Novice: 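Here you go, one structure.
Predicted, not measured: the structure shown is a model, and the values here were computed from it. A, B, ... follow the sequence lines: proteins, then strands. Residue 1 opens every chain.
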Amino acid sequence: MEAFQTLDAVMLPLAQANVDTDQILPARYLQKPRSAQFDEFLFRDLRYRKDGSENPEFLLNQPAYRAARVVVAGDNFACGSSREHAVWALYDYGFRVAIAPSFGDIFFANALKNGLLPIVLPAAAVAALIGSARANPGAKVVVDLAAQAVTAPDGAVHRFTIDQFSRHCLLEGLDEIDYTLSQSAHISAYEEALDKR
Amino acid sequence: MEKNTAAQTMLEKIWSRHRVIERSDGQSLLYVDSHLLQDGSAPAFAMLRQRGLTVRAPQRATATQDHYVPTDSRDLNSVADPEKREMANALQRDSASAGIRFFSLDDRRQGIVHVVGPEQGLSQPGMFIVCGDSHTATHGALGALAIGIGASDVAHVLATQALWLPQPKTLRITIDGALPSGVSAKDIILAIIGRIGAAGASGQAIEYAGSTIRALSVEGRMTVCNMSIEAAARAGMIAPDDRTFEWLAGRPFAPTGADWDRALARWRQLPSDEEARFDREVNIDAGTLAPMVTWGNSPEDALPISARVPDPAAAPSAQRREGMQKTLAYMGLTPGMALTDLAIDQVFIGSCTNGRIEDLRAAAGIAAGRRVAPGVAAWVVAGSTLVKLQAEAEGLDRIFTAAGFEWRHAGCSMCLATNGDHVAPGKRCASTSNRNFVGRQGPGSRTHLMSPAMAAAAAVTGRLTDVRQLIARN
Ligand code: SF4
């Protein structure tokens, strides 16, 4: 996994609540292997019209937002299906941070395992970020994982919490399986006790 | 969070029993009793291979093909898209090389993973169950903690047989009273989601309780737990009782003899203690419930069938108004129109929410002696091959085909459309599945979620219909 420390990047504001993972990555691409470039499929049915041309109304197609690497969305972002492909699509496009008042739990866990930092901020802070990204397309935020802070375009600093293990893994680019394997004696002990119950 | 206090919820009991170790950040490594796999698992096995890891406890895993299988035949070669065919084939290969139990298309035990687990007795009270699929909470209906996970976590569980999780908060939803006629488990869960919202149980595990839940069959309980994720819950569960134990007894993987007695004694300890405290409580009077349908693109857009399409002008915020306008445009609806005026093109009875024998019986009860309305394509897709065989033994297939329904083989089918079964663009479908998202049943599809009886009623009338009117005429 690629390490994440800081990022200074353009926001993509998605004002809706309950943006589901079917929207982020439609099911008809689920059979693609991880080696595929999923950026093409990101928000596929919102980004493209039926005839395959770009839908100019979708913000990601507007020049100021094309370079976005931070998605800012309403409540319950990426709810629904457990497809990790939704994370892969955001990641392959270049997104490294997602900010919302709440996330689908499965997406949240998936994101952390792929180097995409999910940040929970209060609804008012998220609304302010969306407001400034809409008022000034191309507006940037600075995300600092070590300091656990998001600095808005107007200079406002929003602190966020993240569990210390995930923070460490992201900062160092480590992944959880290695850590768990290093604890396998505990798992064996549990299994032995299980056999005796 | 208080732990080791005398009174515990069912979640806390299962949690502490499965905790291997705890991390400094409070997350627990929980030991997985049962790992269910389906034909979307190829990326997880690829991750394992890439890292040179092996499957730690293959005997604790079970695999079945459901998402990519054809439902008009049992011939995988009929799947035209080679990548999709490969997903189904990969599961067979990966299971074989890891020594994982596998139910192939010619095995009677094949079906949708969330129908198969309970049906085989693989899902039992008190277990910690995971599956790389968001509707895993279904298995919580037996009194288990069952969690849906992504591909990286599937790989983690394959390699370690354990999963790191933060302990969810607890939400108890208590429903008391007798269900009015025509109201089923599906209506209960749609009403709950309509009430608490699609984000309503975020970060929480729901325990469904009360006399209405206790009076539900085990199948009905699975329907309720299945859609917990549509309220953003981490899990959904129901205390096991004599009905659960009776339902489980004799199933292929259920314990037998002295093992059964020991298990039973343990299972009886599982229900939340009387004094246990939940982080949040919601109470619902069953007498207020009615047959439900969804009108929009989120399961929270659920209304009684007697209602009208809501008006964005009445939305509480500009953002919500904009969202509703988009939804109405996508769904082809006008504000204020009666839901019962909506003509439908397709009907899908099936899925892990409503593809069990009882669901098919309920739908057949409405279809019997009636005809599918002209121009409507109506399908019944059993949740498992065993469900299909049982229905055929009861003559339900003949009731459906005589009425003009198509009787299909078991699989996920039109719920997600990954196998090619789909709702055509702009077409309106009465569906017993669990998601009405934009494009869920195929690009441009318009989905209305409802119970099996309501879907059958829509099939025979050609529009959304209050099933109670047909029941009255039966
Ligand atoms: S029936 Fe639908 S929701 Fe259930 S597992 Fe299959 S695709 Fe997922």
Novice: Give, as side chain, backbone, both or neither, the part of B/E83 having an atom under 4.5 angstrom from any heavy atom of chain A.
Specialist: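 For B/E83, the contact with chain A is made by backbone and side chain together.
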Novice: What option among A/G80, A/G104, A/A109 has the most heavy-atom pairs under 4.5 Å with chain B?
Specialist: A/G80
Novice: Can you tell me which portion of B/E300 sits under 4.5 Å from chain A's heavy atoms? Options are side chain, backbone, both or neither.
Specialist: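 Side chain of B/E300 only, per the 4.5 Å heavy-atom cut-off to chain A.
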Novice: Can you tell me which of A/S82, A/A189, A/S166 forms the most heavy-atom pairs within a distance under 4.5 Å of chain B?
Specialist: A/S82
Novice: Could you have a look at A/Q183, A/Q164, A/R34, A/K32 and say which one has the most heavy-atom pairs with chain B under 4.5 angstrom?
Specialist: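 Option with the top pair count is A/K32.
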Novice: Measuring heavy-atom distances to chain B, does A/S184 have an atom under 4.5 Å in its side chain, in its backbone, in both, or in neither?
Specialist: both
Novice: Looking only at side chains, do A/Q31 and B/T418 share a donor and an acceptor under 3.5 Å apart?
Specialist: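 No - no donor-acceptor pair under 3.5 Å links their side chains.
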Novice: Between B/H67, B/R51, B/R266, B/H135, which has the largest tally of heavy atom pairs under 4.5 Å with chain A?
Specialist: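 Most pairs with chain A among the choices: B/R51.
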Novice: Where on B/L416 is there a heavy atom nearer than 4.5 Å to chain A: the side chain, the backbone, both, or neither?
Specialist: both
Novice: Quick one: of A/C79, A/S81, A/S102, who has the most non-hydrogen atom pairs under 4.5 Å with chain B?
Specialist: A/S81
Novice: Could you tell me which portion of A/R83 (side chain, backbone, both or neither) has an atom closer than 4.5 angstrom to a non-hydrogen atom of chain B?
Specialist: side chain
Novice: Nearest heavy-atom pair of B/S298 and A/N18: which atoms, and what distance?
Specialist: OG-ND2, 4.5 Å
Novice: Tell me, out of B/A57, B/G148, B/S24, who's got the most heavy-atom pairs with chain A below 4.5 Å.
Specialist: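 Highest number of heavy-atom pairs under 4.5 Å: B/G148.
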Novice: Can you give me the closest heavy-atom contact between A/E84 and B/A151, atom names plus distance?
Specialist: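 Of all heavy-atom pairs spanning A/E84 and B/A151, the closest is OE1-N, 2.8 Å.
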Novice: Give me the atom names and distance for the closest heavy-atom approach of A/D75 to B/A199.
Specialist: OD2-CB, 4.3 Å
Novice: Which atoms of A/L194 are under 4.5 Å from chain B, going by heavy atoms: the side chain, the backbone, both sets, or neither?
Specialist: side chain
Novice: Can you see which heavy atom on A/Y179 is nearest to which on B/R23, and at what distance?
Specialist: CE2-CD, 4.0 Å
Novice: Counting only heavy atoms not in B/Q50, do more than 12 fall under 6.0 Å of its CD?
Specialist: no
Novice: For B/R234, is it the side chain, the backbone, both or neither that has a heavy atom under 4.5 Å from a heavy atom of chain A?
Specialist: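 Contact with chain A: backbone and side chain both.
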Novice: Assess the side chains of A/S188 and B/R56: does a donor N or O sit below 3.5 Å from an acceptor N or O?
Specialist: yes
Novice: With only heavy atoms counted, which part of A/F108 is less than 4.5 Å from chain B, the side chain, the backbone, both or neither?
Specialist: neither
Novice: Is chain A contacted by the side chain of B/L53, its backbone, both, or neither, given a heavy-atom distance below 4.5 Å?
Specialist: side chain
Novice: Please look at A/E176 and chain B and tell me whether the side chain, the backbone, both or neither of the residue comes under 4.5 angstrom of a heavy atom of that chain.
Specialist: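 Both backbone and side chain.
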Novice: Tell me, for A/A15 versus chain B, whether the close heavy atoms (under 4.5 Å) come from the side chain, the backbone, both or neither.
Specialist: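 Interface part for A/A15: both.
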Novice: Quick check for you: among B/A417, B/G323, B/A233, B/A198, which has the greatest number of heavy-atom pairs under 4.5 Å with chain A?
Specialist: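 The option with the most such pairs is B/A198.
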Novice: Does the pair A/E191/B/R60 count as a salt bridge with the N-to-O cut at 4.0 Å?
Specialist: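 B/R60 and A/E191: not salt-bridged.
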Novice: Between A/R28 and B/D81, does any NZ, NE, NH1 or NH2 come within less than 4.0 Å of an OD or OE carboxylate oxygen?
Specialist: no
Novice: B/A46 versus chain A, heavy atoms under 4.5 Å apart: side chain, backbone, both or neither?
Specialist: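 No part of B/A46 comes within 4.5 Å of chain A.
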